[in-house]
Amino acid sequence: MTNLVAALNAAQQEAVTASAGPVLVVAGAGTGKTRVLTTRIAWLLAESKLHPAQIIAFTFTNRAAREMRSRVADLVGAESSPYWIGTFHATGLKILRAHGDRLGLERNFTIYDTDDSLRTLKRVAGELGVDVKQISPPLVRGLISRWKNEDCGPAAAAAGAHGHIEEQAARLYTAYEEQLRACNALDFDDLILRTVHLLEQHDDVRLHYAGRFQHVLVDEFQDTNPLQFILIKALASEHGNIFAVGDDDQSIYSWRGASIANMLNFEEFFPGTRLLRLEQNYRSTGLILRAANAVIAHNRQRKGKNLWTSGAEGERLRIVSCVDAEEEAASLVTAVQAELTRDLKRSDLTVLYRTNAQSRLLEDALRRATIPYLIVGSVHFYERREVRDLLAYLKLVANPRDLVSALRVINTPRRKLGDVTVGRLAELAAREDLTLGEAATRPGLLEEQLPPAAARRVRAFFSMVAAWRAAEPETAVPSLLERIIAEIDYLQHLAATDADSASDRGENVAELVNAAHAFHEASGGGRLAQFLEQVALISDQDALTDGEGAVRLMTIHTAKGLEFPVVFITGCEDDLLPHASSVWEDHLLEEERRLFYVALTRARRRVYLLHAGRRRRAGVYEPSLASRFLREIPAELVAGAAEAAARPALRQPAASEAAWEADVYHDEIHYYAGQTVLHSTFGSGVVARVEGSGDNLLVTVEFNDHGRKQVLPKYAPLRPLD
DNA sequence: CTGGTCCCCGTTTTT
DNA sequence: CGGGGACCAG
């Protein structure tokens with residue numbers, strides 16, 4: 001199997017062929033991390049004669065799982081590829097579906113996503129009389145999530161709670177857990193937490209898995225949280241063959257409970273660990289790497305490494321200073337258009353930002369310039385109201401105890417079942433320990449509390465649901481969905497609710513139906529429960545990505561793991577990148593710096609760094625300073641302004657000083673033959689000829705050191721020296 | 001119970 | 001500036 005590793009460099013080979021036992025590979029951005037993981041799997045299968053079922057690999061995103069699966073399949077063939085390659089959540093789910101009964105879980109449990117959890121929490125807060133103005137449900141949800149990720153139950157949370165807010169949150173946590181149990185539902189964190197409990201409390205189950213999996217592989221190990229690490233350790237508890245790949249410099253999820261300590265202390269957890277480093281980068285130009293190295297060197301919390309490349313130095317990074325965020329958007333468009341006149345496709349260009357809110361302005365500008373663009377993974381398809389409504393119907397069909405879904409759709413479309421009626425129904429059901437549907441069909445029960453007309457309407461709704469449920473076993477998922485849409489006259493409901501958005505929302509409904517058809521075909525007639533599972537764990541970077549001809553826009557977080565020829569990093573300003581909430585504490589600031597590092601290292605060839613002197617926040621202009629991270633990039637790596645102008649862009653206010661760079665991008669410079677100009681790469685020269693105008697302006701320059709060149713000022717800035 | 005109005009608040013990042 | 005929730009008048 002030498003051909004497997006022949007094309008790898010020495011460090012990669014060492015990692016791929018490492019002997020059994022704990023291995024930690026510190027793999028910098030673009031050093032072939034995925035390649036090492038996939039080749040390692042192939043190598044294990046071939047060399048150690050392992051069966052595919054003896055290998056388990058974890059990723060963080062579905063996208064990464066899919067890529068790993070397909071690349072392993074390329075190496076060993078689809079038939080011999082491991083079955084257990086997936087995200088932590090998906091893998092937990094798989095295990096819980098198989099053995100959850102040992103924890104008292106019913107087989108058809110529902111997965112509650114963030115929104116479902118929040119609704120549950122709000123309802124519980126109402127019941128407990130907790131003031132949601134004082135104790136905000138999203139905050140509590142965050143706390144509960146953190147507790148769960150530290151394997152801390154309601155009792156322990158209450159015991160360790162500090163202050164009023166945490167005490168109240170712990171109280172809500174208790175009630176929330178009871179609610180989930182009553183609804184036969186698990187939230188995202190439970191998928192891992194319960195799996196851990198299952199393995200801890202039932203040794204036969206632990207042995208079943210830990211005995212079977214001979215090798216545990218983990219991608220993006222720096223993003224694991226303590227709970228995920230416990231899961232990994234449990235699965236590796238029999239043999240200790242753990243192969244983790246990560247980059248401490250790309251740890252950007254500590255807010256989600258990820259602990260860089262897992263990475264920094266790996267060797268303590270696993271004595272005898274082989275520590276390997278991948279530092280040769282195959283992605284970016286030398287200058288981009290030098291910039292990234294220089295920036296990240298300011299962090300103290302790191303293992304330390306230095307990326308290098310044997311490839312070209314490439315072009316310097318370009319800082320684009322703008323007066324305000326509107327101008328930043330305009331400059332982006334100009335730069336994008338300039339790039340498109342080179343040999344690049346729109347999909348080679350990617351625009352990054354810190355917060356989703358920044359995209360609106362950029363989108364507006366791109367739209368005005370009729371440049372096709374694609375937002376990757378912001379408002380998730382499955383989070384749209386119309387999609388969630390319909391999914392709630394399906395969830396209610398699949399799980400009669402799903403209270404959140406029942407409450408969501410009982411009066412959508414309007415059925416004259418308002419808060420009062422529904423509240424009384426819920427009370428009756430709780431009192432009798434019944435589901436809403438059972439309470440509704442129990443003879444005479446509704447009449448205790450409800451007027452006859454209301455009781456009739458409630459019954460009508462639940463008999464409709466019951467009919468769907470009865471039909472479900474022999475109905476294909478897409479047919480069931482179409483039937484529901486027709487019977488509740490949902491498209492009519494959309495039109496009546498908001499005529500403007502009805503057609504967009506209608507398209508989303510159609511898209512959901514398409515997804516159901518696609519699922520039906522792909523799964524060979526899979527059941528409703530499977531469909532809902534798949535939907536629950538998918539985030540739709542996976543769903544709608546036919547953006548070949550579009551410029552991509554996404555958050556830096558979303559961009560992790562991807563690479564692009566040209567990257568535009570927008571909003572390089574203090575209080576945005578680094579984010580305002582993170583500048584006051586060192587370890588938070590370091591995470592922001594890692595984020596910036598991730599952004600830089602996405603680029604293969606060119607990087608644009610845009611920033612604005614002011615930006616609207618909540619409708620009001622606020623002044624913005626250039627990001628401190630820009631100052632951490634050595635001046636000689638930055639194009640144009642670097643030498644002569646000493647980067648005026650980095651000072652504030654930028655109004656007059658920013659004009660120079662703004663000029664470059666706004667093409668307000670008039671060139672003429674005989675003019676002396678300065679080029680960022682070729683140095684100084686004399687203009688020989690000027691042709692064309694606007695975007696097509698072509699200037700022929702006789703450079704002092706590089707001879708005669710034709711230059712498009714649009715993308716190769718020329719600074720007049722006269 | 002519905003539909004309208006008003007006001008508040010906000011924004012970090014995601015499985 | 002925009003969305004969502006609270007509140008009030010039919």
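All of these numbers come straight from a predicted model, not from anything done at the bench. Just so you know, these numbers use all the heavy atoms, side chains as well, and skip hydrogens, waters and symmetry mates. Reminder, nothing fancy here: chain letters follow the sequence lines and each chain counts from 1.
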Distance in angstrom units between A:Leu139 CG and B:dT11 C1', rounded: 15 Å
Ion pair check, A:Glu328 and A:Arg616, cut-off under 4.0 Å: no
Under 4.0 angstrom between A:Thr555 side-chain N/O and B:dT14 OP1 or OP2: yes
A:Phe58 CZ to B:dT15 C1', straight-line distance once rounded to whole Å: 14 Å
Near-ring test A:Phe221/A:Phe58, centroid separation under 6.0 angstrom: no
Electrostatic pair A:Arg388-A:Asp116, nearest N-O below 4.0 angstrom: yes
Residue closer to the 5' end of DNA chain B, A:Asp189 versus A:Arg415 (nearest nucleotide): A:Arg415
Whole-Å gap separating C1' (B:dT13) and CD1 (A:Ile252): 8 Å
Test item: side-chain donor near acceptor, A:Ser254 and A:Glu591, under 3.5 Å: yes
Which residues share a ring-ring contact (aromatic ring centres under 6.0 Å, His included) with A:His493, sequence neighbours left out: A:Tyr490
Protein proximity profile, nucleotides 1-10 of chain C - base contact B, sugar-phosphate-only contact S, no contact -, cut-off 4.0 Å on heavy atoms: BS--S-----
Proximal nucleotide (of B:dT15, B:dT13, B:dC1) relative to the A:His89 side chain: B:dT15
Protein-nucleotide distance (A:Tyr597, atom OH; B:dT13, atom P), rounded to Å: 24 Å
Atom pair distance, as rounded to whole Å: CD in A:Gln250 and C1' in B:dT14: 17 Å
Under-4.0 Å salt bridge between A:Asp115 and A:Arg408: yes
Option from A:Leu361, A:Leu610, A:Thr555 for which side-chain contact (heavy atoms from CB on, under 4.5 Å) with A:Tyr353 holds: A:Thr555
Sugar-phosphate only, base, or nothing, as touched by A:Ser581 at under 4.0 Å among non-hydrogen atoms: base
A:Arg141/A:Asp187 ion pair, N-O < 4.0 Å: no
Given B:dT13, B:dT15, B:dT2, the nucleotide with the shortest approach to the side chain of A:Lys416: B:dT2
Integer-rounded Å distance: B:dT13 P and A:Glu220 CD: 19 Å
Nearest to side-chain heavy atoms of A:Arg414, which nucleotide of B:dT13, B:dT2, B:dT11: B:dT2
Sugar-phosphate, base or nothing in reach of A:Thr421, heavy atoms under 4.0 Å: sugar-phosphate
N or O in side chain of A:Thr114 less than 4.0 angstrom from B:dT14 OP1/OP2: no
Sugar-phosphate, base or nothing in reach of A:Phe88, heavy atoms under 4.0 Å: nothing
Touch class at under 4.0 angstrom, heavy-atom based, for A:Asn411 against every strand present: sugar-phosphate
For atom CH2 of A:Trp255 and atom P of B:dT14, their distance in whole Å: 6 Å
Value in whole Å for how far the C1' atom of B:dT15 lies from CG of A:Leu193: 15 Å
A:Ala357, nearest nucleotide to its side chain (from B:dC1, B:dT11, B:dT14): B:dT11
Sugar-phosphate only, base, or nothing, as touched by A:Phe188 at under 4.0 Å among non-hydrogen atoms: base
Selected nucleotide, minimal atom distance to A:Tyr253 side chain, candidates B:dC1, B:dT14, B:dT11: B:dT14
